[in-house]
Enquirer: 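My structure is below; once you've seen it, I'll send some questions.
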Amino acid sequence: MPSALSLYRLLLSVYGPQHWWPAESQFEVVVGALLTQNTNWRNVEKAITNLKCAGRLSPVGILKTRNAELETLIRPSGFYRQKAVRLKLLTRKYSEILGRDSPPTREELLEVKGVGKETADSILLYAFGLPYFVIDAYTKRFCAHHHLYEGKGYDDYRVFFESSLPQSVPLYREYHALIVAWGKGGGKRSEGKQKVKG
DNA sequence: GGCCAGGACACCA
DNA sequence: TGGTGTCATGGC
């Protein structure tokens, strides 16, 4: 039975540092966390580039943009109608947080419609530097593949990793990125067929 | 031309 | 509580 930490070291030796989320601002990370939902990151980059070129990649920029224009700008990221609405809701929450000089709590991020556990934890970890381990579909397959852990829900997995590893933000960031690299590299295919939806 | 990507939510039983 | 449909673009 491997340990979470030994598998991390193994992944790092195989794939190397991933240098994830090379964003130019904290807000860009927040935007990316929402737009990347069930979407290829390359498409997210197109959407973020559009927002930048239009001078809208800021809380004020987003909030003053009409929904129709916002939809057009983020269209490459897919699900653009609902993401436009949800991006504004999240931006409002982000503006509240900026105005009070204390980081967001997980609970208040989860109150935002369109922000689920993975997105909330991504924001906490990558944007605010708080030690929340991000769980995604790859992570569960990774655990099953290596007989590392089997839980029921999202938080089971999160607590497992957080209690198995040193509490380190750089470690959490790199580990999640490495698991995604593992999944893209073919790890997912060893776990059988993935969900297919029309 | 089908498959899938760094999900979340509404709805139903 | 768990399963299913919906949202949608773009790369391969």
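Quick note on labels: first sequence line is chain A, next is B, and so on, each numbered from 1. In this text, all values refer to a predicted model and were calculated from it rather than measured experimentally.
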Enquirer: According to a cutoff of under 5.5 Å between the ring centres and under 30° between the ring planes, does A:W20 stack with the base of B:dG6?
Expert: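 Stack criterion met.
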Enquirer: How long is the line joining CD of A:E118 and C1' of B:dA5, in whole Å?
Expert: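 One finds 12 Å between C1' of B:dA5 and CD of A:E118, rounded.
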Enquirer: Starting at CH2 of A:W41 and ending at C1' of B:dC4, how long is that distance when rounded to a whole Å?
Expert: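 Between C1' of B:dC4 and CH2 of A:W41: 18 Å.
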Enquirer: Could you label the plane-to-plane angle of the A:F160 and A:Y149 rings as parallel, tilted or perpendicular, counting under 30° as parallel and over 60° as perpendicular?
Expert: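 Geometry flag for A:Y149 against A:F160: parallel rings.
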Enquirer: Taking all non-hydrogen atoms of both residues into account, name the closest pair between A:E118 and A:Y154 and its distance.
Expert: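 Looking at all heavy atoms of both residues, the shortest contact is CA-OH, 3.5 Å.
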Enquirer: Take atom P in C:dT6 and the same atom in B:dG6, then report the distance between them in whole Å.
Expert: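 After rounding to an integer number of Å, I get 24 Å for this pair.
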Enquirer: How far, in whole Å, is B:dA8 from C:dG10 if one measures between their P atoms?
Expert: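 22 Å, rounded to whole Å.
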Enquirer: Nearest-Å distance, CD1 (A:I135) to C1' (B:dA8)?
Expert: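 A:I135 atom CD1 is separated from B:dA8 atom C1' by 17 Å.
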Enquirer: Wobble G-U and Watson-Crick pairs count when both distances are under 3.5 Å; given that, what is the 5' to 3' dot-bracket string of DNA chain B, with | for pairing to other strands?
Expert: .||||.|||||||
Enquirer: Sticking with atom P, work out how far C:dC7 lies from B:dG1, rounded to a whole angstrom.
Expert: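 C:dC7 and B:dG1 have their P atoms separated by 23 Å.
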Enquirer: Please list, for nucleotides 9-13 of chain B, all pairs of protein and nucleotide N/O atoms separated by less than 3.5 Å.
Expert:
from: B:dC9; atom 1: OP1; to: A:G114; atom 2: N; distance (Å): 2.7

Enquirer: Would you compute the distance between atom CG of A:L90 and atom CG of A:L109 and round it to the nearest 0.5 angstrom?
Expert: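 The CG atom of A:L90 sits 7.0 Å away from the CG atom of A:L109.
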Enquirer: Under the side chain to side chain donor-acceptor pair (under 3.5 Å) rule, collect the residues that match up with A:S122, sequence neighbours excluded.
Expert: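 Testing A:S122 for side chain to side chain donor-acceptor pair (under 3.5 Å), a comparison that skips the adjacent residues, returns none.
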Enquirer: Got a sec, which residues hit side chain to side chain donor-acceptor pair (under 3.5 Å) with A:T39, two or more places apart in sequence or on another chain?
Expert: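 Side chain to side chain donor-acceptor pair (under 3.5 Å) check on A:T39 returns A:K83.
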Enquirer: Report the relative orientation of the aromatic rings in A:F27 and A:Y94; use parallel for angles under 30°, tilted for 30 to 60°, perpendicular for over 60°.
Expert: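 A:F27 vs A:Y94 ring planes: tilted.
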Enquirer: Using a cut-off of less than 4.0 Å, is there contact between a side-chain N or O of A:T39 and OP1 or OP2 of B:dG7?
Expert: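 It does not, given that no N or O in the side chain of A:T39 lies less than 4.0 Å from OP1 or OP2 of B:dG7.
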Enquirer: According to the side-chain hydrogen bond (donor to acceptor under 3.5 Å, both in side chains) rule, which pairs have a member within residues 160-174 of chain A, sequence neighbours left out?
Expert: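 For residues 160-174 of chain A: A:R158-A:E162.
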Enquirer: I'd like to know if A:E96 and A:K93 make a salt bridge, using a cut-off of under 4.0 Å between side-chain N and carboxylate O.
Expert: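 Judged by the 4.0 Å cut-off on N to carboxylate O distance, A:E96 and A:K93 do form a salt bridge.
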Enquirer: Can you tell me if A:Y175 uses its side chain to pair, donor with acceptor, with the backbone of A:A4 under 3.5 Å?
Expert: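 Yes; judged by distance alone, with no hydrogens or angles, the pair exists.
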Enquirer: Please report the distance, rounded to the nearest Å, between OH in A:Y138 and P in B:dC4.
Expert: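 In whole Å, B:dC4 P and A:Y138 OH are 11 Å from each other.
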Enquirer: How are the rings of A:W21 and A:W41 set to each other: parallel, tilted or perpendicular (split at 30° and 60°)?
Expert: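 Correct class here is perpendicular.
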Enquirer: For A:Q82, report the nucleic acid contact type (base, sugar-phosphate, nothing); a contact means any heavy atom under 4.0 Å.
Expert: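 The residue A:Q82 makes base contact.
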Enquirer: Quick one: CG on A:L87 to CD1 on A:I62, what's the gap to the nearest 0.5 Å?
Expert: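 Result: 4.5 Å between the selected atoms.
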Enquirer: Can you tell me if A:N50 uses its side chain to pair, donor with acceptor, with the backbone of A:L73 under 3.5 Å?
Expert: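 Yes; at least one donor-acceptor contact below 3.5 Å.
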Enquirer: Provide, to the nearest angstrom, the distance between the CZ atom belonging to A:F79 and the P atom belonging to C:dG5.
Expert: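 After rounding, the gap between these two atoms is 15 Å.
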Enquirer: If I take atom NZ in residue A:K140 and atom C1' in nucleotide B:dG7, what distance separates them, rounded to the nearest angstrom?
Expert: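 About 11 Å, once rounded to whole Å.
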Enquirer: For nucleotides 10-12 of chain C, list the nitrogen or oxygen atoms of the protein found under 3.5 Å from its nitrogen or oxygen atoms, one pair per line.
Expert:
from: C:dG10; atom 1: O4'; to: A:N43; atom 2: OD1; distance (Å): 3.3
from: C:dG10; atom 1: O4'; to: A:N43; atom 2: ND2; distance (Å): 3.1
from: C:dG11; atom 1: OP1; to: A:K46; atom 2: NZ; distance (Å): 3.1
from: C:dC12; atom 1: OP1; to: A:R42; atom 2: NH1; distance (Å): 3.0

Enquirer: Can you measure A:L73 atom CG to C:dT9 atom P for me and round it to whole angstrom units?
Expert: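 Atom-to-atom, A:L73 to C:dT9, this comes out as 15 Å.
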Enquirer: Does C:dA8 have OP1 or OP2 sitting under 4.0 Å from an N or O in the side chain of A:Y80?
Expert: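 The answer is no; no side-chain N or O of A:Y80 sits under 4.0 Å from OP1 or OP2.
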Enquirer: Are any of A:K184's side-chain N or O atoms less than 4.0 Å away from OP1 or OP2 of B:dG6?
Expert: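 Answer yes for this pair, as a side-chain N or O of A:K184 is under 4.0 Å from OP1 or OP2.
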Enquirer: Between C:dT6 atom C1' and A:K83 atom NZ, what is the distance in whole Å?
Expert: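 Interatomic distance, NZ of A:K83 to C1' of C:dT6: 13 Å.
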